[in-house]
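As the structure is a prediction and not an experimental result, all values here were calculated from the model. Residue numbering restarts at 1 for every chain, and letters A, B, ... go by the order of the sequence lines.
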2 protein chains.
Amino acid sequence: MQTHNLERTLAAKRISPTAMRLRVLEYLVAREAAVSLADVEKGLSHTDRITVYRTLKTFEEHHLVHSIEDGTGATKYALCAEECRPDTPHHDLHIHFHCRQCDETTCLPSTVLPALQLPEAYTAEEMSLTVQGICNKCNHH
Amino acid sequence: MQTHNLERTLAAKRISPTAMRLRVLEYLVAREAAVSLADVEKGLSHTDRITVYRTLKTFEEHHLVHSIEDGTGATKYALCAEECRPDTPHHDLHIHFHCRQCDETTCLPSTVLPALQLPEAYTAEEMSLTVQGICNKCNHH
DNA sequence: GCTAATTTGCACCGGTTATGCAAATTTCCT
DNA sequence: AGGAAATTTGCATAACCGGTGCAAATTAGC
């Protein structure tokens with residue numbers, strides 16, 4: 001994502017542009033990796049944790065971000081791809097990569113999930129694939 | 001797994017067979033689905049939660065069980081397949097299926113994960129694939 | 001500008017994951 | 001079998017994450 005008009009981004013997902021939401025979105029855009037609630041709280045000064053929490057929930061409900069469980073225990077959030085529409089169920093069917101060295105979690109949208117053959121009588125609705133390892137930055141010393 | 005000699009199972013993974021560990025293992029064997037710490041605590045009477053917690057951690061360290069993050073917030077544990085050796089890194093490269101109706105999480109070992117093509121310079125060490133949906137039992141009304 | 005709706009900030013709760021430490025148990029050795 | 005050393009257990013206690021209720025502040029609609 002580049003050259004952001006933050007208000008425009010919020011409006012596209014039908015989110016009222018309050019001061020808090022603009023600050024949180026600005027923080028999300030600046031960061032490449034997925035962020036946790038604690039990350040945002042530390043990154044922005046003079047903010048209430050609960051308000052940030054609800055802001056991220058609002059972003060998620062309006063499909064501006066998607067939540068990621070990367071195994072660290074804390075839910076992380078990353079901006080959705082442009083294709084995510086505010087009214088359709090969004091699918092983040094890409095890999096979420098957690099680097100055990102720098103502890104950052106990143107979306108790998110280029111890696112598409114292969115179709116799965118589930119056993120008889122199982123119905124899949126959602127899926128998530130998390131990979132643990134060493135990311136490209138940490139591999140380049 | 002069938003006709004268990006519990007002591008033998010523990011010994012194979014180099015775990016001292018204390019009374020507590022035998023009880024927890026017995027409970028794990030009896031259950032088909034993955035169990036949470038709270039499940040074990042409720043299933044066994046007169047047990048200390050912390051002790052069960054540490055017992056499961058010990059089982060995990062010795063590769064008797066593997067832990068699963070199914071999105072419910074609580075870590076669940078399931079017995080490892082026989083191939084898991086106590087000294088090698090264990091791979092639970094099967095699907096973990098969480099049924100949103102009966103709320104049970106099961107391992108689907110028959111469904112092998114296809115090899116992934118990660119982007120340049122990413123090194124994968126572990127991965128987990130969780131699928132949410134309706135399981136076979138709940139689909140059969 | 002004024003009213004209604006939404007959003008924010010504070011207090012507070014609950015569940016899960018953890019740690020420290022003394023008592024109990026198990027292991028090991030003779 | 002007995003007794004010391006190592007491990008394991010149980011209790012107290014705490015950190016952390018996610019969440020709700022409610023009144024004050026802010027925003028939106030007219």
Between [X] ([atom1]) and [N] ([atom2]), how many Å, whole number?
X       : N      : atom1 : atom2 : answer
A/Glu60 : D/dG18 : CD    : P     : 11 Å
B/Leu10 : D/dT7  : CG    : C1'   : 15 Å
A/Arg21 : D/dT26 : CZ    : P     : 15 Å
B/Ile15 : D/dT7  : CD1   : P     : 15 Å
B/Tyr53 : D/dT13 : OH    : C1'   : 15 Å

Worksheet entry | Estimated bend of the helix from C/dG1-D/dC30 to C/dT30-D/dA1 (axis per five terminal pairs, rounded to 10 degrees) | 40°
Discussion item. By the 4.0 Å heavy-atom rule, please label A/Thr58 as base, sugar-phosphate, or nothing.
Written reply: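 Since no nucleic acid heavy atom lies under 4.0 Å of A/Thr58, the category is nothing.
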Worksheet item: Which part of the nucleic acid, if any, lies within reach of A/Thr75 when heavy atoms closer than 4.0 Å are counted: base, sugar-phosphate only, or nothing?
Response: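 Sugar-phosphate, no base atom in range.
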Discussion item. Does any part of the side chain of A/Glu125, heavy atoms only, come nearer than 4.5 Å to the side chain of B/Ile134, both counted from C-beta?
Written reply: yes
Item to complete: Side-chain contact test, heavy atoms from C-beta onward, threshold under 4.5 Å: evaluate it for A/Tyr77 versus A/Glu60 and give yes or no.
Response: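 A side-chain contact under 4.5 Å exists here.
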Under 3.5 Å, is there a donor on one side chain and an acceptor on the other for [X] and [Y]?
X        : Y        : result
A/Thr75  : A/Glu69  : yes
A/Thr105 : A/His98  : yes
B/Thr123 : A/Asn139 : yes
B/Tyr27  : B/Arg23  : no

Worksheet item: Which sits closer to the 5' end of DNA chain C, B/Lys57 or B/Thr18, going by the nucleotide each is nearest to?
Response: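 Residue closer to the 5' terminus by nearest nucleotide: B/Lys57.
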Fill in: Upstream residue (5' side of DNA chain C) when A/Asp48 and B/Arg54 are each assigned their closest nucleotide
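Of the two residues, A/Asp48 wins.
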Worksheet item: Within the side chain of B/Arg21, is there an N or O that forms a donor-acceptor pair under 3.5 Å with the backbone of B/Ser16?
Response: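 Side chain of B/Arg21 to backbone of B/Ser16, a donor-acceptor pair under 3.5 Å: yes, one is there.
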Worksheet item: After noting the C-alpha distance and the side-chain angles of B/Phe97 and A/Tyr122, does the key distance pass the ring-ring contact (aromatic ring centres under 6.0 Å, His included) rule?
Response: CA-CA 9 Å; B/Phe97 190 94; A/Tyr122 281 84; 4.8 Å; yes
Practice prompt. Could you tell me from which nucleotide to which nucleotide of DNA chain C, 5' to 3', there is an atom under 4.0 Å from chain B heavy atoms?
Written response: C/dT17 to C/dT27
Fill in: SB check A/Glu61 A/Arg54 (cutoff 4.0 Å)
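Salt bridge between A/Glu61 and A/Arg54, a charged N being under 4.0 Å from a carboxylate O: no.
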Worksheet item: With distance as the sole criterion, do the side chain of B/Arg49 and the base of D/dG10 form a donor-acceptor contact below 3.5 Å?
Response: no
